[in-house]
Amino acid sequence: MAHYRFLLAPMGDNETHPGDAWNPRGEKQRDLVQQLLISVLLGLGAFTTFCILRPRFPQFYYARKIRIHRASSLPDLPPSLFGWIPALWRVTDQEVLATAGLDAYVFLAFFKMAIKFLVAASVLAAVVLAPIHAHFHTEPKDKSLHEIPKLVSSQMLFSGKNPKALPQDKSYLWAHVIFVYVFTSLVFYFLLDQTQEVVQIRQNYLGNQATVTDRTIKLSGIPEELRSEGILKEYIEKLKIGKVESITICRKWQELDRLMEERQNTLRKLEEAHTAHHSHPKINGDAGSGPDLAHNNTPGMTPDEEAMPLLGGDAGGHFDSSRPRLTLRKGWFKLSSKKVDAINFLTNKLQDLDDKITEARRKEYSAMPLAFITMDSVPAAQVAIQALLDPTPGAMIARQAPSPSDIVWPNTYLSRTSRSFRGWAISISVTLLSIFWLVPVTALAALWDLHQIRQISPGVADFLEDHEVLGSLVQTFLPTLVLTLLNVAIPYLYDWLSNYQGLISQSEVELSVIGKNFFFTFFNLFLAFTISGTAFKTQALWDTLRDISDTQKIATLLAKAVQDLGPFYINLIVLQGLGMFPLRLLQIGSVTLYPVTKFGAKTPRDYAELVQPTMFKYGFYLPQPILIYIVCIVYSVLEDGFTILVFGLLYFILGYFTYKYQLLYAMDHPRHSTGGAWPMIVYRVILGLLVFQLTMAGWLSLAGAYTRAALITPLIAFTGWSVWHYNKHYKPSNYFIALKSVRHTQPDSVQSPDTAQTIDEEREEGLEFVNPSLSSPLENVWVTRITGDLAPVGVDIL
């Protein structure tokens, strides 16, 4: 790391020119040692705590292996402090596929691809680029980019030579052009290699299973005359693509879904009332034995007769004052109120809702232009999906159906216009939010600049300048910490917005969150922060954003923006990798909230939900690693490139182990997107390459190497062409199942018992494409039986 041993000195002791602004950010490098110390202490503390707590609290750190049947086949991890690490490393990709599914494999495949590139790039940067940077100290000399004095190597300083007097040999800049091509080639090589592997694994995995989802198509744009199960079945079979096994035409089930939702809420309230009643001894009974309705062995009584005293609120003519009461408000403005027995009232309300639901299930509802059609084989479904069924625009559009458990049924009876309106409204909202985030991001970027702090508050700037350690914390650690917290909090907002977008399935919602969250991280936390961090002043920021409208200035703007913030991104990657991944492994959020959630749990149903594995959401965890990968690519050839590549490598190694452990042993991901995140990864990596190439073209232009900058133009054109190449040759295999890959067997209902089930086949066994409001059994009340344990035991009544 010889290229990092630079000292900061004024531009000549006696040759300071009036008007040469001294930028405090150039006075000294960001205290990397301090950031490393904070991150390592934070990470080591969290990692050691995790290793100690892991065998003691399996309900947190072993939840998936305990609760999910498929995960039980994973090898047991040793209870020793660090013995789980090599055992986790030995879990193969095939075991990941078999126990966690295709989505988990694709997620971890991205980390493996990033590690391969960063290993190769780090070696090349250490051997070739780092010595060049150390010897020539490669920074563009254009004053518009840097008003700060140049970093001077210790050799120059001790030699007593003025840096301006040194010969300006620019031949070394050919190395930058060569390595832009080399690193671009490496990124494409590993991206193409991993894409081919993902495609092959996906085709083999999906082709060798026959779930009801794989045999079902989602057909939209159905004309009114075909919105009948019999007529539609006849139409599809006349196309000679296969036999239709079943058809579910989506209908306007708002009334039924509303009743089911109201019933669920009433059921939970009734369970809470029973739990509150059972947790108190009866006034006119044996106070030493809590009531246990389901285990009251009164001879000669039927269960219904046993329930009568409880439901009637009178046992042997004595009123039980421990029974919970409910206040009903009615009349004008709900001014009058009446207290009633909560159990009686809610029980009667539940029975009334059951009668209404039974009646509502018999009704006929108007059909929507959307249906789920299950074919008799996977090839038949794939032919329908990949074919044009009707020449009319927008009519009879066939797509792969989501898993039955993944469907958001209330969105199936939204009209196409309503879904389109919601989609546009959410997209506009996300755009406006991105503009809004520019304000806090610009303010955050000001912390990175002591000069800007001085303009706002000279006293604070003087105080930070006098206290170097505190000043370094404010300027180095605080911006990276706030940026990290923003990256943790904002996805919850985008997840909430995506759920109102009208998407048909939760897997589509998750992919939408990935796109929105990446847009936020890339646009606001990378481009906007970088540009505002270089612009210094808010007015200069808007001037800079105005210049983006001139396409000729994009490359120059990127070069200006990126060059200064290398140390900041080093600090960010150090904090995210060394500090935050161990905290994520510790599941600090879930562990911290568990006592609060447990305190709020009242019923057996609440306790049953409490012990379920934490949900793993790719929309929350995937965008940031993609951004870090892009940052590593963008800086790979620049002066801070070697350091960023090394810490980026550590980031992805730690991230791979962290997420592998969570996906396999601790957290569950029930979605079924069949690796749909991989095309999104490909597009965003290619976007990162374009930013990298534009940045280097602008950087070379600012250095006066115009010919070398022009030589990057063919590379930009090639990168743009690669998008077309991927769409034509690889994207279809990421969305469809090739007929050649399909295992030619009967549907899963008649498969040989010797055939190993995939995790998707196990999840979907017995599922049908039917709205649960139409077919799901009406759950009984799950009441509490006090056993002396911390949690009550549930028993069904009614």
Side-chain angles (χ1 to χ4, degrees), residues 1-13 23 25-36 117-142 145-146 148-183 186 476 559-560 562-574 631-650 692 695-696 698-705 708-709:
M1 299 177 62
H3 64 291
Y4 239 95
R5 296 197 301 269
F6 297 136
L7 300 177
L8 296 172
M11 289 276 266
D13 294 335
N23 183 351
R25 292 194 305 171
E27 187 176 358
K28 63 178 182 178
Q29 292 215 348
R30 297 299 105 185
D31 195 348
L32 179 60
V33 174
Q34 186 180 48
Q35 183 79 345
L36 274 171
F117 166 76
L118 291 171
V119 168
S122 298
V123 171
L124 290 173
V127 173
V128 181
L129 287 176
I132 291 176
H133 291 312
H135 182 72
F136 291 99
H137 186 63
T138 57
E139 285 193 19
K141 306 300 178 185
D142 186 84
L145 173 61
H146 292 285
I148 64 173
K150 302 297 179 278
L151 292 170
V152 186
S153 70
S154 57
Q155 179 181 0
M156 295 176 182
L157 181 67
F158 292 126
S159 66
K161 295 180 180 180
N162 189 327
K164 291 184 176 180
L166 296 175
Q168 301 298 320
D169 182 8
K170 296 182 180 180
S171 60
Y172 64 86
L173 294 178
W174 283 108
H176 295 72
V177 178
I178 293 171
F179 271 90
V180 171
Y181 276 83
V182 170
F183 286 159
L186 282 175
T476 303
K560 289 180 180 180
V562 165
Q563 178 68 24
D564 267 351
L565 287 181
F568 169 81
Y569 285 112
I570 293 173
N571 294 332
L572 180 65
I573 295 173
V574 166
V631 169
C632 291
I633 294 172
V634 169
Y635 279 93
S636 58
V637 181
L638 297 176
E639 186 172 4
D640 294 311
F642 172 71
T643 309
I644 286 182
L645 289 172
V646 169
F647 285 116
L649 178 60
L650 288 175
F692 166 56
T695 300
M696 290 309 302
W699 190 88
L700 290 168
S701 297
L702 290 170
R708 275 154 275 201

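We're numbering straight along the sequence, starting at 1. Model, not experiment: these values are computed from the prediction. Only this structure's heavy atoms are used, side chains among them; waters, hydrogens and symmetry mates stay out.
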Item to check | Straight-line distance of T695 OG1 to L700 CG, nearest 0.5 Å | outcome: 11.0 Å

Item to check | Heavy-atom closest contact (C632 atom, G648 atom, distance) | outcome: SG-CA, 3.8 Å

Checklist entry - Is a side-chain donor or acceptor of H133 paired with a backbone partner of L638 at a separation under 3.5 angstrom? => result yes

Item to check | Distance-minimising heavy-atom pair for P567 and D640 | outcome: CD-OD2, 3.5 Å

Checklist entry - For A175, what residues pass the side-chain contact (heavy atoms from CB on, under 4.5 Å) criterion, not counting sequence neighbours? => result I132

Checklist entry - Parallel under 30°, tilted from 30 to 60°, perpendicular over 60°: which one fits the rings of F117 and F183? => result perpendicular

Checklist entry - V123: what forms a side-chain contact (heavy atoms from CB on, under 4.5 Å) with it, not counting sequence neighbours? => result V127

Item to check | Note, H176 side chain near W699 side chain (heavy atom, < 4.5 Å) | outcome: yes

Checklist entry - About how many Å separate CD1 of I644 and CD1 of I570, when rounded to the nearest 0.5 Å? => result 5.0 Å

Checklist entry - Which heavy atom of F179 sits nearest a heavy atom of L129, and at what distance? => result CD1-CD2, 3.9 Å

Checklist outcome for this item: One should read off an interatomic distance between T643 OG1 and I573 CD1, to the nearest 0.5 angstrom, of 10.0 Å

Next on the checklist: So, taking the atom named CG in L572 and the one named CZ in F647, what distance separates them when rounded to the nearest 0.5 Å?
Outcome noted: 12.5 Å

Checklist entry - If you look at every heavy atom in R708 and L173, which pair is closest and at what distance? => result NH1-CB, 3.9 Å

Checklist entry - At their closest point, which heavy atom of S701 faces which heavy atom of A709, and how far apart are they? => result OG-CB, 3.4 Å

Checklist entry - Going from CG on L124 to OG on S636, what distance comes out if it is rounded to the nearest 0.5 angstrom? => result 10.0 Å

Item to check | For L118 against L649, the heavy-atom pair lying closest together | outcome: CD1-N, 3.6 Å

